[in-house]
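Residue numbers begin at 1 in each chain, while the letters A, B, ... track the order of the sequences.
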Number of protein chains: 2
Amino acid sequence: MEAQTSCCAIYNCEICDYRADERCTGCRSGNLDLKERVGAACAVFECVISRQIHSCLECSEAGCRLKRSVEMICPLRGLFEKKRWWAGRMSRALESRRRRAANTEYDRKMSERVVNRLRWYLVALDSFEVEGYESVSSWQLAERVGVSSALIRKDLSRFGEFGTPSYGYRTAFLRDRIRAILRLDKPRGIVWVGACMLRHHASDIERLYRNNCRLLGVFDTDEGEIGQRVGNFKVEHIDRVAEVIAGAEVSAAVIAVTSPRAQQIAETLVNLGAKAILNLSGQLINLPYNVRVSSLDVAGELLELCYYC
Amino acid sequence: MEAQTSCCAIYNCEICDYRADERCTGCRSGNLDLKERVGAACAVFECVISRQIHSCLECSEAGCRLKRSVEMICPLRGLFEKKRWWAGRMSRALESRRRRAANTEYDRKMSERVVNRLRWYLVALDSFEVEGYESVSSWQLAERVGVSSALIRKDLSRFGEFGTPSYGYRTAFLRDRIRAILRLDKPRGIVWVGACMLRHHASDIERLYRNNCRLLGVFDTDEGEIGQRVGNFKVEHIDRVAEVIAGAEVSAAVIAVTSPRAQQIAETLVNLGAKAILNLSGQLINLPYNVRVSSLDVAGELLELCYYC
DNA sequence: TAGATTGTTAATCGATTAACAATC
DNA sequence: TAGATTGTTAATCGATTAACAATC
């Protein structure tokens, strides 16, 4: 177990200015209750060898995943993997804390299910408007979206009284209110990685523009794509992303590459300030808990659907 | 209210052979409790004018949405919209029944959230296997998928005991078990509509093949695409789908067209036997409750993500 | 044997539904 | 006024978590 002497973590936080300076259990006895220790104060994992600081679990700052930081701290991979009780115990102890921290990050008022439904209400309202409906009732909306009318009324009533009894909701008014709730008026900057996929989403981009989402640049890893044009953009190499974006505020990024570098690209984009990643690569991406990842995977989704056949 | 005399529905079912032959409340008093009536027997909506039969709420057969059938029955749109209490009452009364019916369709043992997670466990297991892991513990899997380890153990324990205490799960074994649970060994036939999009999903198709999903044909509405080739397929017009498929069993279909005909195409495919539709069109699709629809919408998803920025 | 990790239980948490008074 | 539909409450339902005995 002497090799694990190097697997120490010093509890320390740049933000809270707390420094426990205690060795981790990995080096000594396995009986020490890590949960207690960590609970006592904000913890940043600092590698005693490289002095690199990793995620603070309390503030959710910096933040690279625990497992990875452990691997970085302990380069003796073979030994570590044969006996990974240290990482195991640690990870289990911290799991629920991190989860809690991640949840309080976002607006407590609105669950992600509500946000998702509001988005579909908007699509339905648009279609009702096109069909010339001045007003819609909750059951009409429910019918089209595929949820219950009670849920629609409940969802909407969180944010105010938008309807009129016995009449329903004025289509245009409700549409505007939902747009405001979803903050679709605020301008956003999007980085797109994967030029090929972008070409097939021209209509999507148009819809984004209508909702104040601007594309900041198009990037790729594939040398064949670099220099090509997509719409108004020249495709740049992903390695040049910081340079090309040059200070523009990145809200979200789309990763639509086929190369297996999705994880690495995602990390680059997070460092650039992206707070949300749309992952179309079909690969799993792991990011700090304060970054939101949404994965759309056509093949996976189809396989899932087949289950119901 | 005389105009609504034509808005009658005869309760009648082709499948159960029940025919109540009673007029709907719309024509007479509004006090009749439709819920009771409908509850008494299987109901199909038959238009007294066109004699067209609409969805049976009991068997979930045929099935076009209630609202649409009402509109068809009552062509006096102006009048109907000014005073739609009939449709409102009806719809509200039936809403929860249909919902219940839809839920009992599927395997009660496994919620859709579980199915979705299993799919991601599979992706994670694949990646662990590639990295050479012989075994994984629930927290390792949890870490990579982004759920809690308790949930993973709970999910897996529904189907048997796949792990070994103090050791974890054997990667290859667990992978095979999950594949079996998701029935990925069973061959499936897929219809793809929207040639352009398919070209950008070559790698997805490959993954489908590895999981026994076979493409039956590629179709489109765009005349420019008809006759072109995609992989091994010649693109055919969607109107020829029945002819081209010719009796092959359709499990699921992908609708990836940009034209606003998504709803209509979906109905065609359901008539061909599709039990699940993957909707990439960005449009809302409404289908009978025994058909599963999953919508992936890049622009919408991205707008939703921006909310969290 | 000591320590790790599973499978499972009970407790908690959150989301959805049914129902209805208030309102138009 | 009669009837429709909202907003909201309490009840229900289901999903997730924490915890721990059983097991390796």
* Asked: Looking at C:dT9, D:dT9, C:dT6, which one has an atom nearest to any side-chain atom of B:K154?
  -> C:dT9
* Send over the distance from A:F162 CZ to D:dT6 P, rounded to a whole Å. => 14 Å
* Return the nearest nucleotide to the side chain of B:S166; candidates are D:dC24, D:dT8, C:dT16. => D:dC24
* **Proximal nucleotide (of D:dG7, D:dC20, C:dT23) relative to the A:P165 side chain** => C:dT23
* **Of the listed nucleotides C:dT17, D:dT5, D:dA19, the one nearest the side chain of A:A150** => C:dT17
* Quick one: B:Y167 OH to C:dT6 P, roughly how many Å, whole number? -> 12 Å
* To do: Compare side-chain N and O positions of B:R113 against OP1 and OP2 of D:dT16 and report whether any pair is under 4.0 Å apart.
  => yes
* To do: Would you please confirm or rule out a distance under 4.0 Å between OP1 or OP2 of D:dT5 and any side-chain N or O of A:T164?
  => no
* Roughly, in whole Å, what's the span from CZ in B:F159 to C1' in C:dT6? -> 17 Å
* **Spatial distance of atom CG (A:L141) from atom CG (A:L125) [nearest 0.5 Å]** => 5.0 Å
* To do: Find the distance between CD (A:E129) and CZ (A:R175) and round it off to the nearest 0.5 Å.
  => 4.0 Å
* Asked: Hey, is the side chain of B:R158 poking within less than 4.0 Å of OP1 or OP2 on C:dT8, counting only N and O atoms?
  -> no
* Whole angstrom is fine here: how far is it from CD in B:E112 over to C1' in C:dT16? => 13 Å
* Starting at atom CH2 of A:W139, determine the distance to atom C1' of D:dG7, rounded to an integer number of angstrom. => 19 Å
* Asked: To the nearest 0.5 Å, what is the distance between OH (B:Y308) and OG (A:S294)?
  -> 9.5 Å
* To do: Could you go through the side chain to side chain contact (heavy atoms under 4.5 Å, CB included) check for A:Y167 and A:S135 one step at a time?
  => CA-CA 8 Å; A:Y167 176 77; A:S135 74; 3.5 Å; yes
* Asked: Atom CD1 of B:I152 to atom P of C:dT5: distance rounded to whole Å?
  -> 14 Å
* Asked: Pairing of DNA chain D as dot-bracket, 5' to 3': ( ) intra-strand, [ ] crossing, | other strand, . unpaired, with Watson-Crick or G-U pairs under 3.5 Å?
  -> ..||||||||||||||||||||||
* Integer-rounded Å distance: C:dT17 C1' and A:D155 CG -> 12 Å
* Kindly compute the distance separating CG (A:L278) from OG (A:S295), expressed to the nearest 0.5 Å. => 8.0 Å
* **Proximal nucleotide (of D:dT17, D:dT6, D:dC24) relative to the A:Y169 side chain** => D:dT6
* Please assess A:W120 against B:D297 for the test side chain to side chain contact (heavy atoms under 4.5 Å, CB included), listing each intermediate value before the final yes or no. => CA-CA 10 Å; A:W120 287 111; B:D297 166 17; 4.3 Å; yes
* To do: May I have the distance from B:R170 (atom CZ) to C:dT5 (atom P), rounded to whole angstrom?
  => 18 Å
* Asked: Is it true that a side-chain atom of A:T171 and a backbone atom of A:Y133 form a donor plus acceptor pair closer than 3.5 Å?
  -> yes
* Name the closest nucleotide to the A:S137 side chain, picking from C:dT6, D:dT5, D:dT17. => D:dT5
* Does A:D176 use its side chain to pair, donor to acceptor, with the backbone of A:A180 at less than 3.5 Å? -> no
* Can a side chain N or O of B:S149 be found less than 4.0 Å away from OP1 or OP2 on C:dT5? -> no
* To do: Between D:dA19, C:dT17, C:dA10, spot the one nearest the side chain of A:L151, thanks.
  => C:dT17
* Asked: Below 4.0 angstrom from OP1 or OP2 of C:dT17, is there any side-chain N or O of A:S148?
  -> yes
* To do: Map A:L156 and B:V114 onto DNA chain D by nearest heavy atom, then report which one ends up closer to the 5' terminus.
  => A:L156
